[in-house]
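Report on one structure; see the data block that follows.
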Amino acid sequence: MSETTTHNGHDHAHAGHHELPFWRKYIFSVDHKVIGIQYAVTALFFLLFGFTLMMIMRWQLAYPGQPLPVIGKILGETAMPGGVMAPEFYNQLGAMHGTIMVFLGVVPLAVGGFGNFVVPLQIGAPDMAFPRLNMASYWVFLPGCVLMISSFFFPGGAAQSGWTSYPPLSDIASVGQTVWCFSMVLIITSSLLGSINFIVTIVQLRAKGLSYWRLPFFVHAQLVTAFLLLLAFPPLEAATVMQIMDRVAGTSFFLPSGLVVSGEQLKVAGGGSPLLWQHLFWFLAHPEVYVLILPAMGIVAEVIANNTRKPLWGYRLLVYSVVFLGFMSFVVWAHHMFMTGMGTTMSTFFQTTTMIISIPSVIILTCFIMSLYGGNIRFTTPMLFATAFLPMFAIGGLTGLPLGLTASDIYLHDTFYVIGHFHYVVAPGTLFALFAGVYYWFPKATGKQMNATLGKIHFWTSFVCINFVFMPMFFQGMAGLSRRLYDPTVYAHGRGVQALNVVISLGAWGLGLSQIPFIVNFFMSLKRGARVAENPWNATTLEWAAPSPPGHGNFLTEPVVYREPYEYSVPGHANDYSPQFVEGS
Amino acid sequence: MAETTHSHSESPEEFKKHLGKYYAVFVALICLTAITVGVSYLKLESRGLAIAIALVIASVKAGLVAAVFMHLIDEKKVIYAVLILTALFFLLVLGLPSLTVYEHGPAFQGQ
Amino acid sequence: MDEKVYGWWLPPDISTHGAKIDQLISVLHWFMLLLFVGWGIFFVWCLVKYRAREGHKAIYAPVHAIATKYIEGAVVVVEIFLLFGLSTPVWLAYKNTPPDEKNAAHVRIVGEQFAWNFQYPGKDGKFGKTNESLIGSDNPLGLDPDDPAGKDDIVTVNQLHFPVHKPVYVEVSSKDVIHSFNIPVLRVKQDTIPGQQIPVWFEATQAGHFELACAQLCGLGHYRMRADVLVDTPEDYAKWEAENAPPPQEAPAAAAPDTTPAPEKK
Amino acid sequence: MAEAAAHHESPIPYMVQPHPVTGIPNGKFGIWLFLASEVMLFGALFSSYVLIRTGAPHWPPEGGLTSEIVNVPLGTLNTAVLITSSITMVLSWASCKMGSLPRFKLWMAATIGLASVFLVIKYFEYKHKFDLGHFPSHDNFYAIYFTLTGLHGLHIIGGIIVNTFLLTAGSKMWTTDPEHFTNRVENAGLYWHFVDLVWIFLFPSLYLL
Ligand code: HEA
Ligand code: HEA
Ligand code: CUA
Ligand SMILES: [Cu+2]
């Protein structure tokens, strides 16, 4: 099927403007849509890559010490001597999985991808406020990613001190850690550039009539996210610079005096503080976890409103909650450090703030569930993923409570319970929301609809498998199994839950297979998907006023906003949706 | 917004009036620098006092630069809002050192 | 170490303070389950009742859901209760009441890549001074041979002994990187931060053979940084102490028999 | 077709003119947000400095006084240089405001020149320390000194690049869109004053106290 044989009136957006050379249009493009897609595709690739690392790792956890067939040989003798994973390689896979999933996968997809593509469209802007800065942000990000991946090939391999890179371990680790630091500096810089752009765009470029209370919830979520990135990332950048100094210039910001490593006194000045890193790291990384979840919540809000065919319940409450959440996320970071020996005042303070921050999450979830009430729910593929988000995020969020209370965290800290907690929020939570976003906005980005049957297969298989992956982790954690353990069977309590490791690994590989329908669907729909008009979902927000895909400058006529974002099923209307951009009602 | 001194509608002649302010701040900055250095040569007995004086002077200087050179003195509300938020989190970050050692008890060796 | 006692939930608790923690964990999980199931039923009911079908229409007017206000209110109340009724008191009671130093057994614990070193003060109840410059393969803690207080100290590697029914006061630290002192059955966990000595205390209610795990990633041998925890009856403990007390005038470390196999070198 | 073509060159609003509600153009808002993040960056480094310093038994660790380790006269001179460059920066912007490109060029050249002088002086200071074998690894004072002044130096270099662009190729915009150009100079100035402002704190903290 050729792309020109369409009868939809929107296609003239493609025509009529002089062609830019290929490299300006698709590679060094300044168009937010192209940059958004670049970010999204890069991020999807890294999600798959990070997942692959984990699928390899899961072999060792399920069958400790047994040679991994075929792949073990391919990975070579240093990583997998005799096909059996070396412990240092296990640690590299773990650290890189965490780093890649968070910084190269989810954030770039949620913020760089969806944020870039959707936000200007949803606010009726022709582009981001600083298109060239936007391009720069991607082109700083990409080298950062390449550098990060290349670290596997440095002597000693990639970073292996966890995604948290706690010194002194990270300070004395092999050169891969330096590479990790440098690529983090690039990625952080890219995020900073991006967040400036988002804030300015959302504050300055909203279409006529689009007041703050008429913004789609997704835009509010992105705005708060941008502030989190803007103000929380620099301290980590500072910390990373200091770690680079420690590693390259021999300083000891994070090294106390009198360290003895492998029987040798470490020849450094000493006098530094390992806890300083942890404070600076978590000062970023706690807000960072909300960077992972807020855009996801934004997507879920869009999809739920669209598919329940009714206004979001408690829209203003949602906005207040998300702003409050963003603000509070700066004062809870030390709940990751309860076991570092902090005193009782400080830990009481941080466990209190942690409990406080769970309240807006409860409110947000309540609003979403109440939005289902009284709806006319269409179970489209995006809606399936968005629906699943709710109970999955609930499990993840609820299991945050025992971690946030100091007394129970004594037992649960650094066990697989923590792994279970946050994967429920980031994988069947955020990741599912991101899938929902891909299915939801794919038609806008490409002008083609994704296949619904493959989408449903993708959803149901993923949904089942992912619970087999993460649910057993709570039981392992309860049994006391530490995380980051190359061989859990060293411990008696680990042997007690080893059977679950097999279940988890099978679940993970099943989850891997479940992605095949998605990947097939993604590429097939690009080529052969059904052509769609501007508004295939009968949605109300502004991005659906632009052609699919939108041309340069996005809108054919300058959009004007007449009403609230989610006016579905307004009584007395023929249609069950009244778009923001259509006059009169 | 026309009443603000830097509004875009100002004519070049009107603008000239501001120049004096800039020179005055420049002189003040140089003098304050001289004072800071001078005080440091006094080698005050109390180090705490020396630090306090130097930091107060530095804050005054920074305040002058921000208020006049960066014309924060009459800026728009959005910018104030952003800066207030930043200032809040900045104070939080400045609190990190004390949190790092706070209540780590006599066992903390600090080195 | 009876393998059978380890299952899919909390392992047995042999500490005096652990019951409160376990209670908090189970109250929390009942609360979470209640919330989840409650909301879950409503959620599934909504999905079924309001599924799209012929002739069905969505309700535009926002429902006035008083119930959600109450539920949210209740969640807040329960969280306040969990926070100030359970967690904080348990934590404060535990952290603010170190055992009476005189009645407690003392141990200094020093983590290193990848082993646990234990120093017992011996008969005189005083720890010998240590100095990192003296650390060597036969003196893992860098005990100062000139310090009389150290003459009777016992040093063990990867084997922790203490008596049952007696408060134990330990100070954990590390030679190199951050480790974490974790004995699941005792419900204790404490990161060991190099450069700091952090006190931890507990009292066992049951003698037996248990495990100490390292809970913080500390390098390639993190997974095998385990130690045996031997909770002895008072008699056994006295016997062990007597057997292992260094003979006078000898370097203390040399006399510490290490019954566990050395951690296999990679 | 016609409307698409008409829309094609749709420029981004408020690039030059202030937004009716916020009262500022995009660029100015952007630069302030950037400075906000810089505040957090230097704030974190500064608080690390405070932590390490308060944890040390002596400061500077090798004994004596800070002012005996660093070259106070050179540091003072550099402070004066940077303050002067700040006023020349303001004047270059003021010249734009008053409609004179030549005077803008003069003051901007002065700014760049002073910034370069700053770097040259810094170079001699660094070189002196290196000659003595005092590298960042020497002790924590040097670690912090080099990290903070080094990062600050990178910011100076960044400023020089931006200002040089405005002085040369960038100034072509003066003929096409003087208001936009003036805004750019103002934004570059905001950044430059911030770099000056950071130094105002670094100087006493690293040289005098
Ligand atoms: C997107 C990411 C994300 C999110 C949203 C959260 C949310 C929360 N997190 Fe989590 N967390 C992480 C990611 C996240 N976390 C990561 C990555 C780590 C580990 C880092 C590492 O060490 O490597 C971590 C670790 C972590 C710790 C440290 C644990 C330890 O190391 O010992 C703690 C402790 O307080 C914690 C607490 C919380 C709390 C209280 C919330 C709260 O905000 C949750 C609030 C939500 C709710 C309370 C749910 C409400 C539910 C309902 C209303 C029921 C509705 C029911 C149905 C729909 C059926 N988290
Ligand atoms: C956003 C963050 C994120 C995400 C999404 C995931 C996803 C997953 N994670 Fe992980 N994980 C972390 C962040 C994340 N993780 C972190 C921070 C750690 C701690 C690291 C540390 O200890 O330092 C960790 C640790 C961790 C561990 C513990 C290791 C240990 O402690 O020893 C395990 C164990 O099973 C695990 C498993 C998984 C699995 C099975 C998934 C699966 O859910 C993955 C699912 C992935 C997909 C389904 C891919 C989807 C993409 C596509 C299908 C691409 C399609 C492409 C195109 C169309 C072009 N993760
Ligand atoms: Cu020691 Cu892990
Ligand atoms: Cu957190």
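- Inter-residue side-chain proximity for C/Arg108 and C/Gln197 is flagged as met; some heavy-atom pair is nearer than 4.5 Å.
- Both the backbone and the side chain of A/Thr406 come within contact range of chain C, judged by heavy atoms closer than 4.5 Å.
- Comment: C/Arg226 engages C/Glu211 in a salt bridge, judged by a side-chain N to carboxylate O separation of less than 4.0 angstrom.
- For C/Leu212, the part sitting under 4.5 Å from any heavy atom of chain A is the backbone (N, CA, C, O) and nothing else.
- Proximity to chain A is limited to the side chain of C/Phe84, based on heavy atoms less than 4.5 angstrom apart.
- In this structure, the portion of C/Leu28 lying under 4.5 Å from any heavy atom of chain A is its side chain and not its backbone.
- Contact of C/Leu24 with chain A is made through the side chain alone, with heavy-atom distances under 4.5 Å.
- For the pair C/Arg187 and C/Asp22, the salt-bridge criterion is met [side-chain N within less than 4.0 Å of a carboxylate O].
- With a threshold of 4.5 angstrom between heavy atoms, C/Val185 does not approach chain A through any atom at all.
- Taking the side chain to side chain donor-acceptor pair (under 3.5 Å) definition, one finds that A/Ser358 meets it with C/Glu79, sequence neighbours left out.
- Contacts of A/Asp487 with chain C are made by both backbone and side-chain atoms, with heavy-atom separations under 4.5 Å.
- Contact of C/Leu47 with chain A is made through backbone and side chain together, with heavy-atom distances under 4.5 Å.
- Of the two parts of C/Ser174, neither the backbone nor the side chain holds a non-hydrogen atom closer than 4.5 Å to a non-hydrogen atom of chain A.
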